Amino acid sequence: MDVRTSGAGAAAADAHAPGRTLPGPGGHDRRDPGAARERGAHDPYEALAALGLHPDDLPDGLVVADETGRVTCFNAAAGRITAIRPADAIGQRLERALPLEDLDGRRWWALTDPYGGLATRVGQPERNLLLPGGHEVLVSARYVRERPTGPVRRLVVSLRGTEARRRTERSHAELIATVAHELRSPLTSVKGFTATLLAKWERFTDDQKRLMLETVDSDANRVTRLIAELLDISRIDSGRLEVRRQPVDVAAAVRRHVQALTSAGQTAERFLIKVRGPLPGLWADPDKIDQVLGNLLENAVRHGEGTVTIEVAPAPHRPAADGPVVERTAITVSDEGAGIPEESMSRVFTRFWRGSKRGGTGLGLYIVKGIVEAHGGTITVGRAAGGGAEFRFTLPVGTPAYLA
């Protein structure tokens with residue numbers, strides 16, 4: 001980085017004196033952290049140097065201009081994001097080194113006028129701007145003044161690429177498209193049957209009416225489940241998924257789910273439950289654990305073959321080599337089908353993964369992972385001994401801290 005010093009003695013300073021420069025990546029100089037505290041508040045790198053950091057260590061692009069509007073710092077990340085060589089930007093006027101335009105084609109620095117604009121302005125919020133050639137970049141700026149309404153002494157600009165935001169936007173678009181598609185079929189059915197019953201009620205027998213109302217009820221339940229999935233995804237993505245812990249008999253929950261599947265037409269011989277005890281006391285959200293078990297068992301039945309094995313066992317875990325043992329409960333669900341291809345296992349818990357067989361929203365396992373992690377647990381997928389898929393999740397046990 002180009003660091004300017006004043007005074008004749010600065011040029012002849014000893015290499016070991018305060019203010020010496022240390023070689024750094026990207027052609028910049030690294031300041032001695034010990035000397036950073038001796039420099040005035042005008043040094044744009046004082047805070048970084050005091051922490052032993054260099055601008056090129058930052059993950060985001062950093063561009064700094066002095067009180068004259070000339071660039072004094074253009075780190076490696078800024079060069080990577082903008083495709084502008086840092087050496088070409090240093091010493092240039094900011095509007096020439098970083099020629100930004102808004103989405104309407106207006107020159108950004110002339111529009112915002114950081115040096116001659118409102119004296120009370122402290123910066124610019126992050127927004128999407130364009131470089132020559134239409135290259136998009138996310139830009140935010142901070143105006144550094146010696147006093148609240150004084151002149152700008154330093155302009156600090158942060159740059160970020162748009163790839164992460166575009167991935168998020170694509171994910172949201174896919175979610176909307178999936179939801180619209182999944183909602184269309186049951187709502188069309190509900191609308192069709194209800195309109196038919198209202199218009200021609202007297203023409204149908206009681207058995208026909210019952211069949212149509214049962215179909216409407218089933219489709220309404222499908223819509224309700226989809227809305228619940230959307231709410232869960234929203235809470236997981238925002239970190240607001242609430243877990244209401246209470247004692248849970250997970251072995252009993254497994255038996256209850258298997259009983260529901262056999263009542264729905266599955267043969268009892270298809271399921272094998274193994275409980276290896278004694279099990280430690282588990283505090284969890286019973287509704288959400290039911291959601292996890294229901295999803296994993298439904299996947300094993302729908303996509304797997306042969307016997308579906310559910311194993312519940314204690315799983316003591318030592319996070320650190322010299323640390324205490326943490327009690328956990330492990331639940332494993334496996335089948336004897338074809339299993340999940342090795343190359344697909346890393347995508348199993350992502351949104352919209354459906355495997356080789358289509359059907360469903362592809363959101364269930366994403367929600368399962370979010371629920372397990374909200375409990376402080378972990379979930380993995382692998383190949384079962386019988387060749388099928390094996391899902392294993394562990395949950396920490398013991399009384400919550402607020403009840404201990």
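Computed from a predicted structure; not experimentally measured.
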Do Leu272 and Val308 have side chains that get closer than 4.5 Å, going by heavy atoms? no
Using side chain to side chain contact (heavy atoms under 4.5 Å, CB included) as the criterion, list what pairs up with Asp88, not counting sequence neighbours. Arg85
Can you confirm whether more than 12 heavy atoms, excluding those of Glu242, are under 6.0 Å from its CD atom? no
For Pro280 versus Glu327, what's the shortest heavy-atom pair and its separation? CG-OE1, 4.3 Å
Donor-acceptor under 3.5 Å (His375 side chain, Gly377 main chain): no
Just do the side chain to side chain contact (heavy atoms under 4.5 Å, CB included) check on Met212 and Phe193 with the steps written out, would you? CA-CA 6 Å; Met212 285 190 281; Phe193 279 120; 3.3 Å; yes
Atom CZ of Arg210 with >12 non-hydrogen neighbours under 6.0 angstrom: no
For the NZ atom on Lys209, are there more than 12 heavy atoms of other groups (residues, nucleotides or ligands in this structure) within a distance under 6.0 Å? yes
So does Arg106 get a backbone contact from the side chain of Asp104, meaning a donor-acceptor N/O pair under 3.5 Å? no
Close side-chain approach of Thr380 and Phe391, heavy atoms under 4.5 Å: no
Looking at Arg184, is its backbone amide N or carbonyl O close enough to the side chain of Thr188 to form a donor-acceptor pair, meaning the two atoms are under 3.5 Å apart? yes
Counting only heavy atoms not in Arg127 (residues, nucleotides, ligands), do more than 12 fall under 6.0 Å from its CZ? yes
Checking Tyr366 against Asp237: is there a side-chain donor and acceptor pair closer than 3.5 Å? yes
Output all residues satisfying side-chain hydrogen bond (donor to acceptor under 3.5 Å, both in side chains) with Gln92, sequence neighbours left out; order by chain, then residue number. none
Working to the nearest 0.5 Å, report the span between CG of Leu111 and CG of Asp102. 6.0 Å
Rounded distance [0.5 Å steps], SG in Cys73 versus CG in Leu62: 4.5 Å
Side chain Ser218, main chain Glu214, donor-acceptor under 3.5 Å: no
Search all heavy atoms of Ala220 against all heavy atoms of Val190 and return the closest pair with its distance. N-CG2, 4.3 Å
Between the main-chain N or O of Ala110 and the side-chain N or O of Asp113, is there a donor-acceptor pair closer than 3.5 Å? no
Approximate separation, where rounding is to 0.5 Å, of Gln246 CD and Trp283 CH2: 8.0 Å
Side chains of Leu293 and Ile331: does their closest heavy-atom pair fall under 4.5 Å? yes
Between Val254 and His257, does the side chain to side chain contact (heavy atoms under 4.5 Å, CB included) criterion hold? Intermediate values first, please. CA-CA 5 Å; Val254 168; His257 278 276; 5.9 Å; no
Could you tell me if the side chain of Ile310 sits less than 4.5 Å from the side chain of Thr332, heavy atoms only? no
Testing the basics here: between Phe271 and Gln266, what is the closest heavy-atom pair and its distance to 0.1 Å? CE1-CB, 3.8 Å
Run the salt bridge (charged side-chain N to carboxylate O under 4.0 Å, His left out) check on Glu373 and Lys369 step by step: do they pass? CA-CA 6 Å; Glu373 291 180 347; Lys369 183 174 185 288; 2.7 Å; yes
So CZ of Arg107 and CG of Leu129: to nearest 0.5 Å the spacing works out to 14.5 Å
Working to the nearest 0.5 Å, report the span between CG of Leu100 and OG1 of Thr112. 9.0 Å
Considering only residues two or more places apart or on different chains, which pairs with a residue in residues 277-290 satisfy salt bridge (charged side-chain N to carboxylate O under 4.0 Å, His left out)? Arg256-Asp290, Asp285-Lys288
Main chain of Ile81, side chain of His135: is a donor-acceptor contact present, judged purely on distance under 3.5 Å? yes
Can you check whether Thr149's main-chain N or O pairs, donor with acceptor, with Arg145's side chain at less than 3.5 Å? no
What are the two closest heavy atoms between Ala65 and Tyr115, and how far apart are they? CB-OH, 3.5 Å
Asp232 side chain to Ile367 main-chain N or O, any donor-acceptor pair under 3.5 Å? no
For Ser189 and Asp219, which I'm curious about, is there any donor-acceptor pair between the side chains at under 3.5 Å? yes
By side chain to side chain contact (heavy atoms under 4.5 Å, CB included), which residues pair with Ala77, not counting sequence neighbours? Asn75, Arg80
Minimum heavy-atom separation for Glu336 and Gly306, please, with both atom names. OE1-CA, 3.6 Å
Inspect the surroundings of CZ in Arg270 and state if more than 12 heavy atoms from other residues, nucleotides or ligands are less than 6.0 Å away. yes
Any chance you could lay out the salt bridge (charged side-chain N to carboxylate O under 4.0 Å, His left out) test for Arg276 and Glu311, step after step, and finish with the verdict? CA-CA 8 Å; Arg276 307 186 186 281; Glu311 181 177 342; 2.7 Å; yes
Please examine the side chains of Leu98 and Thr82, heavy atoms only from C-beta on, and report whether any two atoms are closer than 4.5 Å. yes
State, yes or no, whether a side-chain contact exists between Pro151 and Arg153 at a heavy-atom distance under 4.5 Å. yes
Step by step, would you call Val63 with Leu159 a side chain to side chain contact (heavy atoms under 4.5 Å, CB included)? CA-CA 8 Å; Val63 178; Leu159 305 175; 3.9 Å; yes
Decide yes or no for Leu197 and Leu213: does some side-chain heavy atom of the first lie under 4.5 Å from some side-chain heavy atom of the second? yes
For the residue pair Asp207 / Thr205, report whether a side-chain donor-acceptor contact shorter than 3.5 Å exists. no
Contacts of Val144 that satisfy side chain to side chain contact (heavy atoms under 4.5 Å, CB included) - sequence neighbours left out: Arg142, Arg154, Val156
Just how far is it from atom CG of Leu365 to atom CG of Leu296, taken to the nearest 0.5 Å? 6.5 Å
Show your working on side chain to side chain contact (heavy atoms under 4.5 Å, CB included) between Val64 and Leu155 and close with a plain yes or no. CA-CA 6 Å; Val64 181; Leu155 183 64; over 6 Å; no
Is it the case that the side chains of Ser238 and Arg240 hold a donor-acceptor pair, with the cut-off being a distance below 3.5 Å and no angle test? yes
Going by side chain to side chain contact (heavy atoms under 4.5 Å, CB included), name the residues that satisfy it together with Leu187, two or more places apart in sequence or in a different chain. Leu183, Val223
For Leu282 and Pro396, work out which heavy atoms get closest and say how close. CD1-O, 3.5 Å
So do Thr307 and Asp335 actually touch side chain to side chain, heavy atoms under 4.5 Å? no
So, Arg244 side chain and Pro286 main chain: donor-acceptor pair closer than 3.5 Å or not? no
